Every structure is written in C-alpha cells, then in structure tokens.
Amino acid sequence: MRNVVPRLISRSLSVITATLFGAMLPFFGDIMALFGAFGFIPLDFILPAVFYNVAFKPSKRGAIFWVNTTIAVISSMLAGIGAVASVRQMIRDAKTYNLFANM
C-alpha cells in the first residue's frame, strides 16, 4: 500500500510525457510504422519460422523447411522495405515540420 502513491505518480508522469511527445511530432504515425517494421514483422513472421526450423530440425528436402525459410526471407525483405519507406516518409514530413502542428 505504501508504494501506491509513488507508482501512481511515476506512471502518470510517464503517460503525460509520452502524450506530450506524441503531440509534438506531427509524423508520429511514421515513427510507429518504423517501429512496426523493426518490431512487429520480425516477432510475428520471421522469428517463429526460424525458431521452428531450429527447434524441430525438419528435413531440408521437406516442404515445411522451405516454406518456413521462404516466409522468413520474404518477411525480412518486407521489413527492410517498410523501414526504408517509413524513414523516407519521415524525411518528407520533416520538411514541413512544425511543433504541435495538428493541434
């Protein structure tokens, strides 16, 4: 019970800081796209396929191995393309950057 007040204060300050930071950046969606390209795609598509191949060691002649490898390779290419596209969009948006532009 004695930790409730410090935890409430620290969480509130964290949310306030994140909200202020998000409001300051008019291209916040572009940053989220960049995080998605580096975080979402590898965790959801690449790592499970690679981990399956490593853990269960399917035959390299089998379809499962090659389907997993294909999924990992294509998803890696999509993650790279997504990262480049989101950085490009941030550069384009930075030319017209204004602090708190959408408010």
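Because only heavy atoms are used, hydrogens play no part in the values below, and waters and symmetry mates are left out as well, while side chains stay in. When a residue number appears, it is its place in the shown sequence, counting from 1. These numbers were taken from a predicted model, which means no experiment stands behind them.
The hydrophobic clustering, which links ILVMFWY residues whose side-chain heavy atoms are closer than 4.5 Å, places I91 and L34 together. Follow the hydrophobic side-chain contacts under 4.5 Å out from F40 and you never reach F35; the two are in separate clusters.
Grouping Ile, Leu, Val, Met, Phe, Trp and Tyr by side-chain contacts under 4.5 Å, direct or through others, puts F65 with W66.
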Report, one line per pair, each donor and acceptor closer than 3.5 Å where one atom sits in a side chain of residues 44-55; sequence neighbours left out.
residue : atom : partner : partner atom : Å
N53     : OD1  : N68     : ND2          : 3.2
N53     : ND2  : T69     : OG1          : 3.4

Show me the donor-acceptor pairs within less than 3.5 Å that the side chains of residues 74-89 make with the rest of the protein, sequence neighbours left out.
residue : atom : partner : partner atom : Å
S75     : OG   : I71     : O            : 2.8
S76     : OG   : A72     : O            : 2.7
S86     : OG   : G82     : O            : 3.1
S86     : OG   : A83     : O            : 3.0
Q89     : NE2  : D93     : OD1          : 3.4

Throw together a table of side-chain donor-acceptor distances under 3.5 angstrom for residues 11-30, partners on residues two or more places apart or in other chains.
residue : atom : partner : partner atom : Å
S12     : OG   : L8      : O            : 2.7
T17     : OG1  : L13     : O            : 2.7
T19     : OG1  : V15     : O            : 2.8

